[in-house]
Amino acid sequence: MDLGHLLHLLIPSWNSVAILALFFTYLAIAGPILPGKPVPGATLPDGSRLHYRCNGLLSLLVLVGLLGVGAKMDIVSLNAISDRGLELLSTTFLFSVLVTLVLYAAGCKSTNQGSSLEPHVTGNLLDDWWFGIQLNPQFMGIDLKFFFVRAGMMGWLFINLSVLARSVQDGTLSQSMMLYQLFCALYILDYFVHEEYMTSTWDIIAERLGFMLVFGDLVWIPFTFSIQGWWLLSNKMELGTAAVIANCLTFLIGYLVFRGANKQKHVFKKNPKAPIWGKPARVIGGKLLASGYWGIARHCNYLGDLLLALSFSLPCGISSPVPYFYPIYLLILLIWRERRDEARCAEKYREIWAEYRRLVPWRILPYVY
């Protein structure tokens, strides 16, 4: 593929705009009207709490059903996304830029002093646009931060499904493609089964909504996490039995650590007296959990996330570094984020954090880091 052809494929089209607009419109309508579990968010500094309707799994399944019916009636093409991948990438990127510019302008004009909407303007234009100004900006009653995370995770699945449809149509479906698709589908479905856990994550409770999060949710997650699928479309890879077993074990261990750690933290925040692994939770200073996975490493959930990312790439073999872009990037990102978290926690908890560090010396991987 020459550079001119590549640049041409990156030009947004009206078809890509329509696909993106229909997707966001569906989510904006389905979110408020479909039944879901109401989940209170973290208590904000002013004592207020946002409430979330966790119906992402139902929203996802309904949309999959609608697309399936549309494909059966020849109204929808299952290859629509895989045929316009680069167009959709550039369209979504431009949308992210426009949205964050609007968020910046709206945040600067806001006079709301509530914790979720109070403007945090540093005066540095690039910094305020990148990190955002408001914690939980809303549009027509929709919490945009929660909305964009949901859109990104669903977008990742629909890109994968379209790539799978193209693979089946082209007759290139392989064992590696099936493994990759299975692991990603299980991970994404599990995310929506436990969507309420997202309400207690650092992104939701502490990060302001700016380009960093919007781009990460709408562009980075769906379009880079799916690189392995795109790669397998044009590179046939067959794995031996030992490789398949090792790949499955990597996914399973990663899932158990990732989901187990996040569940323990979520349950602890809801009920600090809840037992961890059948024993009373050990808590430092009445605030920091030091039991279960959180007694093994201070950010052990990151280890699970890294193992899962690796399991998505292992079906591609080791002949090319391209499919390993996601786990390599994630390793860099999580170490950077872990450093930021450590600095914030040290400032927030002070001597309590120092005691926690003495009790749990490892950051992510015990005896290594």
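Computed from a predicted structure; not experimentally measured. Values below: every heavy atom of this structure, side chains too, minus hydrogens, waters and symmetry copies.
- The environment of Ile328 atom CD1 is dense: over 12 non-hydrogen atoms of other residues, nucleotides or ligands sit within 6.0 angstrom.
- When side chains are defined from C-beta on, Gln175 counts as touching Glu238, because their heavy atoms get closer than 4.5 Å.
- Atom CZ of Arg259 and atom OH of Tyr197 lie 6.5 Å apart (nearest 0.5 Å).
- The shortest non-hydrogen separation linking Ala28 to Pro32 is O-CD, 2.9 Å.
- Residue Phe23 is grouped with residue Leu89 when hydrophobic side chains (ILVMFWY) are merged at heavy-atom distances under 4.5 angstrom, including chains of intermediate members.
- No side-chain heavy atom of Leu161 sits less than 4.5 Å from a side-chain heavy atom of Leu78.
- At a threshold of 4.0 Å, the pair Arg166-Asp83 counts as salt-bridged, since one of the basic side-chain nitrogens sits closer than that to a carboxylate oxygen.
- Checked by atom type and distance alone, the side chain of Lys145 pairs as donor or acceptor with a backbone atom of Leu135 at under 3.5 Å.
- Between Ser110 and Pro119, some side-chain heavy-atom pair lies under the 4.5 Å cut-off.
- Side-chain atoms of Ser174 come within 3.5 Å of backbone N or O of Met177 as a donor-acceptor pair.
- Between Asp203 and Arg337, at least one side-chain N (NZ, or NE/NH1/NH2) sits under 4.0 Å from a carboxylate O, which counts as a salt bridge.
- Side-chain contact annotation: Ser311 with Thr250, donor-acceptor N/O pair under 3.5 Å absent.
- Rounding to the nearest 0.5 Å places CZ of Phe146 at 11.5 Å from CG of Asp217.
- Outside the 6.0 Å centre-distance limit, the rings of Phe223 and Phe93 are not counted as a close aromatic pair.
- Inter-residue side-chain proximity for Phe95 and Val17 is flagged as unmet; no heavy-atom pair is nearer than 4.5 Å.
- In this structure, the ring of Trp129 has its center no less than 6.0 angstrom from the ring center of Tyr104.
- Counted within 6.0 Å of OH on Tyr369, heavy atoms from surrounding residues, nucleotides or ligands total more than 12; the atom is thus considered enclosed.
- No hydrogens or angles considered: a donor-acceptor pair under 3.5 Å links the side chains of Tyr255 and Asp190.
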>> If you apply the rule side chain to side chain contact (heavy atoms under 4.5 Å, CB included), what do you find for Trp14 with Thr91, and how did you get there?
In response: CA-CA 9 Å; Trp14 286 113; Thr91 303; over 6 Å; no
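- Listed here is the closest heavy atom pair of Tyr293 and Leu256: OH-O, 3.3 Å.
- Considering CD1 of Ile284 and CZ of Arg357, their distance stands at 14.0 Å, rounded to 0.5 Å.
- Between Lys37 and Glu195 no salt bridge is recorded (no basic side-chain N to carboxylate O distance below 4.0 Å).
- Within 6.0 Å of CD on Glu347 lie no more than 12 heavy atoms contributed by other residues, nucleotides or ligands.
- In this structure, CG on Leu218 lies 7.0 Å from OG1 on Thr92, to the nearest 0.5 angstrom.
- Applying the ring pair (Phe, Tyr, Trp, His ring centres under 6.0 Å) criterion to Phe158, with sequence neighbours excluded, gives no partner residue.
- Between the Ser167 side chain and the Leu173 main chain, a donor and an acceptor come within less than 3.5 Å of each other.
- Looking only at distances, no side-chain donor or acceptor of Asp128 sits under 3.5 Å from a matching main-chain atom of Ile133.
- A donor and an acceptor atom, one from each side chain of Tyr180 and Asn160, are located under 3.5 Å apart.
- We find the CZ-CD1 distance between Phe148 and Ile221 to be 12.5 Å, quoted to the nearest 0.5 Å.
- Between Arg340 and Glu338 there is no salt bridge, since no side-chain nitrogen of the basic residue lies less than 4.0 Å from a carboxylate oxygen of the acidic one.
- There is no path of hydrophobic side-chain contacts, each under 4.5 Å, that joins Phe312 to Leu310.
- In this structure, Phe24 and Ala151 approach most closely via the heavy-atom pair CE2-CB, 3.8 Å.
- Two different hydrophobic clusters hold Ile142 and Val102 under the rule that ILVMFWY side chains link at heavy-atom gaps under 4.5 Å.
- Between the side chain of Ser162 and the main chain of Ile159, no donor-acceptor pair closer than 3.5 Å is present.
- Closest non-hydrogen pair, Leu34 versus Tyr26, comes out as CD1-OH, 4.3 Å.
- Judged by distance alone, with hydrogens and angles left aside, the side-chain atoms of Arg298 form a donor-acceptor pair with the main-chain N or O of Pro361 at under 3.5 Å.
- With hydrophobic clusters built from ILVMFWY side chains whose heavy atoms lie under 4.5 angstrom apart, Trp336 does not share a cluster with Ile332.
- With Trp353 as the aromatic partner, Lys348 does not meet the cation-pi criteria of under 6.0 angstrom to the ring centre and within 45 degrees of the ring axis.
- Counting non-hydrogen atoms of neighbouring residues, nucleotides and ligands closer than 6.0 angstrom, the NZ atom of Lys263 reaches no more than 12 such neighbours.
- Atoms CZ and OH, on Arg150 and Tyr191 in that order, are 8.0 Å from each other to the nearest 0.5 Å.
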>> Before you tell me yes or no, could you show the steps for Val76 and Val69 under side chain to side chain contact (heavy atoms under 4.5 Å, CB included), namely the whole-Å CA-CA distance, both residues' side-chain angles and the distance that decides it to 0.1 Å?
In response: CA-CA 8 Å; Val76 176; Val69 172; over 6 Å; no
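- At a threshold of 4.5 Å between non-hydrogen side-chain atoms, the residues Gln138 and Leu50 count as touching.
- Taking the six-membered ring where the residue is Trp, the centroids of Phe225 and Tyr326 are separated by under 6.0 Å.
- Residues Asn79 and Arg84 have side chains not in contact (no heavy-atom distance under 4.5 Å, counting atoms from C-beta outward).
- Ser313 places a side-chain N or O within 3.5 Å of a backbone atom of Pro323 that can act as its donor or acceptor partner.
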> Under the ring-ring contact (aromatic ring centres under 6.0 Å, His included) criterion, do Tyr187 and Phe258 qualify, and how do the steps go?
Replying inline: CA-CA 10 Å; Tyr187 177 81; Phe258 173 77; 5.8 Å; yes
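- Note: the hydrophobic cluster containing Met178 also contains Leu186 (ILVMFWY, side chain heavy atoms under 4.5 Å, direct or indirect links).
- Separation of the Tyr367 and Trp362 ring centroids falls under the 6.0 Å cut-off.
- For the pair Asn247 (side chain) and Ala243 (backbone), a donor-acceptor distance under 3.5 Å is absent.
- Side-chain atoms of Ser291 never come within 3.5 Å of backbone atoms of Ala281 as a donor-acceptor pair (strictly under, hydrogens ignored).
- A distance below 6.0 Å separates the ring centres of Trp220 and Phe325.
- The minimum heavy-atom distance linking Arg53 with Pro35 is given by the pair NH1-CA, 4.1 Å.
- Side-chain contact between Val214 and Val219 is absent, with no heavy atoms from C-beta onward closer than 4.5 Å.
- For Arg49, the CZ atom is densely surrounded, since the number of other residues' heavy atoms within 6.0 Å is greater than 12.
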> Given Phe251 and Phe183, is the ring-ring contact (aromatic ring centres under 6.0 Å, His included) satisfied, shown in steps?
Replying inline: CA-CA 7 Å; Phe251 175 82; Phe183 293 156; 4.6 Å; yes
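- The backbone N or O of Gly41 sits nowhere less than 3.5 Å from a side-chain atom of Thr199 that would complete a donor-acceptor pair.
- Of all heavy-atom pairs between Gly36 and Asn55, the closest is CA-CB, 3.7 Å.
- Aromatic rings of Trp294 and Tyr356 (six-membered ring for Trp) have centroids beyond the 6.0 Å cut-off, not under it.
- Residues Thr172 and Lys236 are not in side-chain contact: their nearest non-hydrogen atoms beyond the backbone lie 4.5 Å or more apart.
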